[in-house]
Amino acid sequence: MMPHFARAAFDAIRMQKSGPAFFEVCDPILLASESRGTQIAALYRKLANPALRLALSRAGLPQLSDPALAGAIRGAIIAARDAISPDWVALAKPIAQLLDACPQPARERPPVAGLARLPPLRAIEEVIRACAAHLLECFARRGFIPGYAAFDLMGDPGFRGQELLTAMAALEARSYRNATLLFNLLRVFLLANPAAAALVSPPWTGSSQRLSSPVQIRHRSAYYDAFFSEALTDYLRSGLATPRETAAARKAIATMMDFCLKTSGERVRAPGGGEPVTAITALVSPPDVRMTRFFWQLKHELGFGAYIPDCDTTACAISAATRCGFEEPPLNYPFVDLFAARQTGADGAQRPTLTINDHIAYDGAILTWIENLAGELPFGNDIDPTLNLDVLEV
């Protein structure tokens, strides 16, 4: 990988600049004295680090040689910074146009050859034992089983101009809109300059992309604790666990269920009024999130501080607790009522605000996010097929 970065850095620095660069557009607006104290400026200062400046120093955008378009982009950033109630869709339109002018090719995954015959049962059991041993070793070493996340500045090929406008209309929190606006403007400069893109997002082979170390964020989530608990429960029921593994697995399951149902439980409004009920939040605050102080602070400074309960984590936690034989107070509530209150229907009472999945016939589907007692709903609401499978399972 090091030869790739050396070659990509050489190419990025020596490439012919074809127009204004990202930092040349944003520095005069977001490093100016009048921008101090604004969230979008704080976010930009994190992006404007020396490494990214070097990578994008020659990554120009020829379209911005047009004074009208350059003025529209600057006007959008100023409105996001200063306007009390910006027209988010209108100010995102010039960036949406640039995204569509620089299409990102979808990656073709290589075909996976099928097996000529099924592996023997002994080989399958060896894989099961190895996976269980890995989970138990992780838990013994850390006291939890970590999940991982990563930033990818190149974004998703399916997220183009129309998706940007949809997101800007649907997101509720200003910080999320600021982040969506800035990151997609940055994407345009990467998409238009393959040499810079290769330095920021290295190529990969195989069927999935590796999480690269510089942006790997280790954390703990009730969403994954629920899955890990179910996996260990299945291992115990398989009859493959040794007595020592059985004791370790039971301890790990009990600890993870406590994290799901108690530590990650958050009170929300009950459907139709009445006493608040408990739903499950995927990402809780330190120290329980087990994220490094650097990444937790970065998460907040980038505008992703507010996290609320969601139907998916709630469904997964209930499913895992039920299969693992736990009986906790949150499970006594008839959660079918909580899910039904967030179910879409022909009457239009519940409709998604984030309509990226509008090509799916979603009548009867469950919306993702649950408003907390403070009334926060920073992501708007969307339709997620995986969530609905989890609700059906529970």
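Between the CG atom of L98 and the CG atom of L64 there is a distance of 6.0 Å, given to the nearest 0.5 Å. Atom CD1 in I73 sits 11.5 Å away from atom CD1 in I78 (nearest 0.5 Å). Between the CD1 atom of I280 and the SG atom of C311 there is a distance of 11.5 Å, given to the nearest 0.5 Å. Going from atom CG of L182 over to atom SG of C26 covers 6.0 Å, rounded to the nearest 0.5 Å. Considering CD1 of I366 and OG1 of T314, their distance stands at 12.0 Å, rounded to 0.5 Å. Interatomic distance, CZ of R142 versus CD of E137, reported as 8.0 Å (0.5 Å rounding).
Inter-residue side-chain proximity for F159 and N184 is flagged as met; some heavy-atom pair is nearer than 4.5 Å. Contact of the I217 side chain with the Y148 side chain is not registered, since no non-hydrogen atoms from C-beta on lie closer than 4.5 Å. Looking at D225 and M257, their side chains never come closer than 4.5 Å, going by heavy atoms from C-beta outward. By the 4.5 Å heavy-atom criterion applied to side chains, L61 and S18 are not counted as neighbours. Looking at heavy atoms from C-beta onward, S264 lies out of side-chain contact with T313 at the 4.5 angstrom threshold. Put simply, the side chain of T278 does not reach to within 4.5 Å of the side chain of E266, judged on heavy atoms. Two residues are said to be in side-chain contact when any heavy atoms from C-beta on lie closer than 4.5 Å; M256 and F228 meet this criterion. The side-chain heavy atoms of E371 and E172, taken from C-beta on, include no pair separated by under 4.5 Å.
Within 6.0 Å of atom CZ in R250, 12 or fewer heavy atoms from other residues, nucleotides or ligands are found, so the atom counts as exposed in its surroundings. The environment of CZ in R244 is sparse: at most 12 heavy-atom neighbours from other residues, nucleotides or ligands sit within 6.0 Å. Atom CG of L118 sits in a sparse spot, with 12 or fewer heavy atoms from other residues, nucleotides or ligands closer than 6.0 Å.
Transitive grouping of hydrophobic side chains (ILVMFWY, heavy atoms separated by less than 4.5 Å) keeps L387 and I360 in distinct clusters. A single hydrophobic cluster is seen to contain both L31 and L43, as judged by linkage of ILVMFWY side chains at heavy-atom distances under 4.5 Å, directly or through other members. M168 and L186 fall within the same hydrophobic cluster, defined by Ile, Leu, Val, Met, Phe, Trp and Tyr side-chain heavy atoms under 4.5 Å apart, directly or through other members. F183 and F22 fall within a single hydrophobic cluster, where Ile, Leu, Val, Met, Phe, Trp and Tyr side chains are chained together by heavy-atom contacts under 4.5 Å. Neither I145 nor F259 shares a network with the other; the hydrophobic side chains, linked directly or stepwise wherever heavy atoms of I, L, V, M, F, W or Y lie under 4.5 Å apart, form separate groups for each.
Checked by atom type and distance alone, the side chain of E163 pairs as donor or acceptor with a backbone atom of R160 at under 3.5 Å. In this structure, the side chain of D66 does not engage the main chain of Q63 through any donor-acceptor pair within 3.5 Å. Side chain of E245 to main chain of T242: a donor-acceptor pair is present (N/O by atom type, distance under 3.5 Å, no hydrogens or angles). Put simply, the side chain of D384 never gets that close to the backbone of L367: no donor and acceptor are under 3.5 Å apart. In this structure, Q343 contributes its side chain and A365 its backbone to no donor-acceptor pair below 3.5 Å. The main-chain N or O of I308 is never found under 3.5 Å from a side-chain atom of E376 such that the two would form a donor-acceptor pair. Checked by atom type and distance alone, the side chain of S319 never pairs as donor or acceptor with a backbone atom of A315 at under 3.5 Å. A donor-acceptor contact shorter than 3.5 Å is absent between the side chain of T281 and the backbone of L283.
Between F339 and F335, the ring planes are tilted. Angles from 30° to 60° get that label. A perpendicular orientation is assigned to the rings of W369 and Y307, their planes being inclined by more than 60° (bins at 30° and 60°).
Contact check on D363 versus R351 returns a salt bridge, with a Lys/Arg side-chain nitrogen under 4.0 Å from an Asp/Glu carboxylate oxygen. Comment: D337 does not engage R342 in a salt bridge, judged by the lack of any side-chain N to carboxylate O separation of less than 4.0 angstrom. Salt bridge E126/R122: absent, no basic N to carboxylate O contact under 4.0 Å. The pair R220-D288 does not count as a salt bridge, with every side-chain nitrogen at least 4.0 angstrom from each carboxylate oxygen.
No hydrogens or angles considered: nothing links the side chains of Y44 and N178 as a donor-acceptor pair under 3.5 Å. For the residue pair Q39 and R81, no side-chain donor N or O sits within less than 3.5 Å of a side-chain acceptor on the partner.
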Exercise for the section: Kindly indicate, with the supporting measurements, whether the criterion side chain to side chain contact (heavy atoms under 4.5 Å, CB included) is fulfilled by R290 and H219. Expected result: CA-CA 5 Å; R290 305 300 285 263; H219 62 286; over 6 Å; no
Exercise for the section: With side chain to side chain contact (heavy atoms under 4.5 Å, CB included) as the test, would you mind laying out the steps for F326 and I253 before giving the verdict? Expected result: CA-CA 10 Å; F326 283 78; I253 291 167; 3.8 Å; yes
Practice task
Would you check, one step at a time, whether the test side chain to side chain contact (heavy atoms under 4.5 Å, CB included) holds for F379 with T353?
Solution key: CA-CA 9 Å; F379 316 105; T353 57; over 6 Å; no
Problem - Criterion salt bridge (Lys or Arg N to Asp or Glu O under 4.0 Å) on D27 and R53, from CA distance to verdict - result: CA-CA 11 Å; D27 275 0; R53 280 187 180 276; 2.9 Å; yes
Exercise for the section: In sequence, state the C-alpha distance, the side-chain angles, and the governing distance for F144 and F139, and then conclude on ring-ring contact (aromatic ring centres under 6.0 Å, His included). Expected result: CA-CA 5 Å; F144 75 104; F139 185 87; 8.5 Å; no
Problem - Test side chain to side chain contact (heavy atoms under 4.5 Å, CB included) applied to L377 and I370, step by step - result: CA-CA 7 Å; L377 203 66; I370 304 173; over 6 Å; no
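Shown are T386, D382, D312, D310; of these, the side-chain hydrogen bond (donor to acceptor under 3.5 Å, both in side chains) with T368 is made only by D382. Tested against L185 for a side chain to side chain contact (heavy atoms under 4.5 Å, CB included), the candidates L99, I77, T180 yield a single pass: I77.
Closest approach of P309 to V268, counting heavy atoms only: CG-CG1, 3.7 Å. Contact detail for A320 and A226: the closest heavy-atom pair is CB-O, 3.5 Å. Of all non-hydrogen atoms in V284 and T263, the two that sit nearest each other are CG1-O, 3.9 Å. Of all heavy-atom pairs spanning R267 and P276, the tightest one is NH2-O, 2.7 Å. Considering every non-hydrogen atom in both A80 and I40, the closest pair reads CB-CD1, 3.8 Å. Taking both residues in full, the closest heavy atoms of L164 and A96 are given as CD2-N, 3.8 Å, listed atom of the first, atom of the second, then distance.
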